[in-house]
Amino acid sequence: MKIDLNCDMGESFGTYKLGNDAEMMRIITSANIACGFHAGGPKVMSSTVSLAAQSGVAVGAHPGYPDLNGFGRRDMALDAEEIEAMLLYQIGALAAFTKANGVELVHVKVHGALYNRAAIDPDCAAAIAKAVARFSKSLILVGLAGSEMIRAGEQAGLRTANEGFPDRIYLPDGCLMPRSQADAVIESPERVAQNALRLASEGVRIEKGGSVQYLPVDTLCLHGDNITAVSNAKLVAKVLADAGIELHALT
């Protein structure tokens with residue numbers, strides 16, 4: 001069995017450093033690199049793509065709302081045309097750095113509040129999928145397992161990847177618990193590793209209409225801004241390997 005292990009990266013900005021990208025790159029198989037709107041910037045994007053290329057890690061674009069102050073975690077009332085243009089702008093920016101470094105842009109995964117909106121809003125999801133498909137239908141669209149984002153990607157003729165979150169608490173409907181609620185983010189490496197094994201083996205548990213179903217997961221996400229991110233990644237990799245599950249990029 002194989003599964004991708006991804007991480008949101010390149011989220012430093014100016015003199016502010018966030019996450020230990022160099023250490024995480026040694027463990028993960030895919031990097032979602034911020035495109036300058038919620039975090040990052042030209043210099044950070046360049047260095048992070050270069051680091052991924054040196055580490056043999058697959059590169060994906062990680063676009064978000066234009067919200068540096070709120071780290072892209074505040075929802076914004078944008079129409080479909082604005083969302084589509086915003087996505088094209090950010091994907092194109094990161095693609096310049098992948099081309100300059102001689103690596104392929106493999107996937108797109110939107111960030112924060114935009115990700116959560118696209119999971120439940122068909123119009124938002126369709127605008128994102130349309131932007132990705134217009135840029136290149138060879139890109140893989142990553143979204144919350146079983147969400148509107150996955151459905152929109154499939155309808156747009158894109159390959160999709162269902163994502164699971166070992167370091168987050170889920171609601172019964174399969175959505176992520178809002179970060180505003182206590183304990184929404186898991187910091188214990190042991191709990192994160194066990195969640196990763198469960199998600200990889202069983203999928204995401206959904207309770208609907210009195211019944212339970214499990215949605216398969218193609219890729220696991222570890223948040224680089226989690227204070228125990230490196231410890232989480234190391235233990236997740238070990239627990240999965242011990243279970244005979246190989247880490248392999250979406251490519």
Side-chain angles (χ1 to χ4, degrees), residues 4-74 90-91 93-94 97-98 101 103 105-116 142 144 163-169 176 179-180 183-193 195-196 219-238 240 247 249-250:
D4 178 49
L5 182 62
N6 76 70
C7 182
D8 303 340
M9 313 190 87
E11 293 183 319
S12 298
F13 180 75
T15 60
Y16 299 95
K17 188 176 184 302
L18 184 66
N20 192 335
D21 289 357
E23 284 296 315
M24 292 296 285
M25 285 287 191
R26 298 178 182 178
I27 307 164
I28 62 170
T29 48
S30 293
N32 319 309
I33 300 178
C35 301
F37 272 33
H38 77 275
K43 186 175 179 181
V44 176
M45 292 162 71
S46 179
S47 62
T48 309
V49 170
S50 177
L51 181 60
Q54 295 167 22
S55 305
V57 171
V59 175
H62 194 41
Y65 283 131
D67 179 28
L68 283 172
N69 286 343
F71 196 62
R73 288 180 175 158
R74 301 181 294 189
Q90 294 180 75
I91 296 169
L94 190 71
F97 293 106
T98 60
N101 281 275
V103 296
L105 182 62
V106 175
H107 66 276
V108 175
K109 173 195 166 180
V110 298
H111 168 80
L114 183 59
Y115 183 101
N116 293 331
V142 178
L144 187 70
E163 186 172 36
F165 292 85
D167 59 5
R168 293 293 303 277
I169 296 294
L176 300 177
R179 286 176 176 265
S180 59
D183 301 320
V185 178
I186 302 170
E187 296 176 355
S188 163
E190 291 75 21
R191 284 185 65 195
V192 171
N195 282 342
T219 182
L220 299 171
C221 174
L222 295 176
H223 289 92
D225 62 331
N226 192 316
I227 61 172
T228 55
V230 174
S231 297
N232 291 346
K234 288 179 178 178
L235 194 54
V236 165
K238 181 181 185 305
L240 292 178
L247 295 182
L250 292 173

| query | For the atom pair CD1 (I227) and CG (N232), what is the distance rounded to the nearest 0.5 Å? | reply | 9.5 Å
| query | When M9 is tested against each of N32, L18, D225, I28 for side-chain contact (heavy atoms from CB on, under 4.5 Å), which residue passes? | reply | I28
| V142 to H107 - nearest heavy-atom pair and separation | CG2-CD2, 3.9 Å
| Looking at side-chain heavy atoms only, is the closest gap between V106 and T98 below 4.5 Å? | no
| note | What one should report as the nearest heavy-atom pair of P166 and C221 is CD-O, 3.1 Å
| Nearest non-hydrogen partners of G72 and Y65, listed with the distance | O-CD1, 4.4 Å
| message | Restricting to non-hydrogen atoms, name the atom on A229 and the atom on G224 that form the minimum distance, rounded to 0.1 Å. | response | CB-O, 3.8 Å
| message | Taking the side chain as everything from C-beta on, heavy atoms only, tell me whether C35 gets closer than 4.5 Å to I91. | response | no
| task | Report yes if the side chains of N101 and V59 come closer than 4.5 Å at any heavy-atom pair, otherwise no. | result | no
| To the nearest 0.5 Å, what is the distance between OG1 (T228) and CG (D167)? | 8.0 Å
| When the ring planes of H111 and H62 are compared, do they come out parallel, tilted or perpendicular, using 30° and 60° as the limits? | perpendicular
| message | Under a 3.5 Å distance rule, please check whether S47 uses its side chain to pair with a backbone N or O of K43 as donor and acceptor. | response | yes
| request: With the side chain counted from C-beta on, respond yes when V192 and L235 share a heavy-atom pair under 4.5 Å apart, and no when they do not. | output: no
| request: Check whether any side-chain heavy atom of F97 lies under 4.5 Å from a side-chain heavy atom of P42, and answer yes or no. | output: yes
| field | Centroid-centroid distance, Y16 to F71, less than 6.0 Å | value | no
| message | To check you understand the geometry: which heavy-atom pair defines the closest contact between A39 and E11, and what is its length? | response | CB-O, 3.5 Å
| Does atom NZ of K17 have more than 12 heavy-atom neighbours from other groups under 6.0 Å away? | yes
| said: What verdict does the side-chain contact (heavy atoms from CB on, under 4.5 Å) test give for K109 and S30, after you've listed the backbone C-alpha separation in whole Å, the side-chain angles of each residue and the deciding distance to 0.1 Å? | reply: CA-CA 11 Å; K109 173 195 166 180; S30 293; over 6 Å; no
| field | Short side-chain donor-acceptor distance under 3.5 Å, D4 and T219 | value | yes
| message | Rounded to the nearest 0.5 Å, what separates atom CZ in F165 from atom CG in L220? | response | 10.0 Å
| field | SB check D8 R73 (cutoff 4.0 Å) | value | no
| note | With sequence neighbours left out, the residues meeting salt bridge (charged side-chain N to carboxylate O under 4.0 Å, His left out) with R168 are none
| Are any non-hydrogen side-chain atoms of N6 and E163 less than 4.5 angstrom apart? | yes
| query | What distance separates L51 CG from M25 CE, expressed to the nearest 0.5 Å? | reply | 4.5 Å
| request: Quick one: pull up CD1 in I33 and CG in D21 and give me the separation to the nearest 0.5 Å. | output: 8.5 Å
| query | Does L144 offer a backbone N or O that forms a donor-acceptor pair with the side chain of Y115 under 3.5 Å? | reply | yes
| query | Which value, rounded to the nearest 0.5 Å, describes the distance between L222 atom CG and I27 atom CD1? | reply | 9.0 Å
| query | What closest approach, in Å, do A31 and V57 show between heavy atoms, and which atom pair accounts for it? | reply | N-CG1, 3.5 Å
| Has the side chain of E187 got a donor or acceptor atom that lies under 3.5 Å from a matching backbone atom of N226? | no
